[in-house]
Amino acid sequence: MKNIKEVKVSLGERSYPVYIGKGLLSRVGKLFNLSRRVLVLTDRGVPKEYAEAVADACREPLTVTVKDGEGSKSLATYEEILTKMLRAGFTRGDCVVAVGGGVVGDLAGFVASSYMRGIDFYNIPTTLLSAVDASVGGKVAVNLSGIKNAVGAFYQPRGVLCDPSLLSTLPARQVSAGLAEALKMAVTLDASLFSLFENGDPIEDLEQVIAACVKIKASVVEKDEREGGLRRVLNFGHTIGHGIESRAGIEERENGLYHGECVALGMLPMSSSDVRARLLKIFNKFSLPTVSPVAPDSIFEALSHDKKAEGKFINAIFVNEIGTYEEKKIMPEELLTLAREVYL
Ligand code: GLY
């Protein structure tokens, strides 16, 4: 088909295409096998026309709309959805389609991974953050006892459809937060993508940014699907970022920070001073935060007990030069020192 970029994630019999192109949502019935019972999972924050367009292309759709926000990634919501599927007579030959951002994708994927021991799953990301990262690679999960993604699986989708025109209704701040995840990949793995951030305007060509990120993500996941090593590079900025998020995230307080904004801040202490200076210029350009709203000691306090365990090293990703990275084992206290140096 014309105007479609297709990136293949090659994982043997679990390989799948990621279709990228404006207007693709209208072709969903041609790209995915929806001639069966289909659970269309979305949330209240997603324009309802998107899930409706998918449902219209299905033979027997069951649309479930959960509350938006991390709270829906719970065992209770998971059980409610499974129960609805059972009552509607879903069998092993049926499938799940996620229409939403990271929360919907994670929840829908986990439902698909476990219903009747696993049924087909398709993902249609509607946030930039999910399009460039979370929708590809098969990490699916729900939270448990306040621990993010404590229960989950590696369960690859059968296909991902990414229609950049769905992102046009996103507020500018959410687009910037999504760009931070793309920037994370550029800083560590793709100097030419970084140069687009530094010298050009990635927002003008989101399709190109998404395609570049999906290619990077596919190549990382193909080499290390279950995060034994290489895939950890995608966690650049996340250790300190999660610490900030758990104190000042959008779920924690009014006017809190989005995940991508916390990741942006989390990259700063893990970068050389040259890289940090270049990142700060880019953050200013896209109105990403440049100063942590959380004091370094509080960030340290917020790290999981496991990360702080005495004598236990943390695998951390550092960047000295754009397009390269180094994984080092450091003590949690060293993270605190780095955060103090950068944020105070
Ligand atoms: N979001 C990081 C990963 O999929 O590994």
Side-chain angles (χ1 to χ4, degrees), residues 7-11 14-16 18 20 70 73 98 100-110 112-113 121-143 147-160 162 174 177-190 193 209-246 249 258-267 270 304 307 314-319 325 327:
V7 180
K8 188 166 174 197
V9 183
S10 295
L11 290 166
R14 284 169 293 105
S15 299
Y16 55 97
V18 181
I20 304 159
E70 201 60 30
K73 275 178 60 175
V103 166
V104 169
D106 280 10
L107 177 63
F110 189 51
S113 74
F121 169 49
Y122 300 103
N123 203 338
I124 303 180
T126 61
T127 62
L128 183 59
L129 191 129
S130 181
V132 297
D133 188 13
S135 63
V136 177
K139 279 190 181 174
V140 297
V142 295
N143 306 328
I147 310 289
K148 261 184 126 168
N149 304 328
V151 184
F154 288 98
Y155 192 72
Q156 301 297 336
R158 286 269 165 203
V160 178
C162 187
Q174 264 208 46
L179 282 180
E181 289 279 3
L183 188 56
K184 158 198 92 176
M185 296 192 204
V187 179
T188 48
L189 296 163
D190 190 337
L193 183 60
V209 173
I210 293 167
C213 290
V214 169
K215 277 187 200 145
I216 295 171
K217 182 87 190 250
S219 108
V220 169
V221 169
E222 282 162 6
K223 294 186 191 96
D224 179 22
E225 185 183 3
R226 298 176 73 88
E227 200 169 299
L230 173 68
R231 189 165 175 168
R232 289 202 286 264
V233 66
L234 300 174
N235 299 334
F236 176 54
H238 280 65
T239 306
I240 288 183
H242 277 151
I244 295 175
E245 194 172 5
S246 66
Y258 285 118
H259 174 74
E261 294 173 327
C262 297
V263 169
L265 286 170
M267 292 190 238
M270 318 309 280
S304 70
K307 285 216 165 88
I314 298 177
N315 286 310
I317 305 293
F318 288 86
V319 173
Y325 69 93
E327 184 172 4

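All ligand and atom numbering here is 1-based and tracks the order in the structure.
- Between K8 and Y16, every side-chain heavy-atom pair lies at or beyond the 4.5 Å cut-off.
- Not one N or O of K184 is nearer than 3.5 Å to an N or O of ligand 1, by distance alone.
- The protein atom (non-hydrogen) at minimum distance from atom 5 (O) of ligand 1 is R231 NE, 2.7 Å.
- E181 and H238 share a side-chain donor-acceptor pair at under 3.5 Å.
- In this structure, the protein non-hydrogen atom closest to atom 1 (N) of ligand 1 is D133 OD2, 3.1 Å.
- Note that OG of S135 is 9.0 Å distant from CD1 of I210, once rounded to the nearest 0.5 Å.
- Put simply, the side chain of K139 reaches to within 4.5 Å of the side chain of E227, judged on heavy atoms.
- Between N235 and ligand 1, a contact under 3.5 Å exists for no N or O pair.
- Ion pairing of R14 with E225 is present here, as a side-chain N (NZ or NE/NH1/NH2) and a carboxylate O approach within less than 4.0 Å.
- N235 and K184 form no side-chain donor-acceptor contact under 3.5 Å, judged by distance and modelled atom types alone.
- Of all the atoms in ligand 1, the ones that sit under 4.0 Å from a non-hydrogen atom of L234 are 2 (C), 3 (C), 5 (O).
- For atom 4 (O) of ligand 1, the choice among H238, K217, R226 with the nearest heavy atom turns out to be K217.
- Contact analysis leaves R232 out of contact with ligand 1, as no non-hydrogen atom separation drops below 4.0 angstrom.
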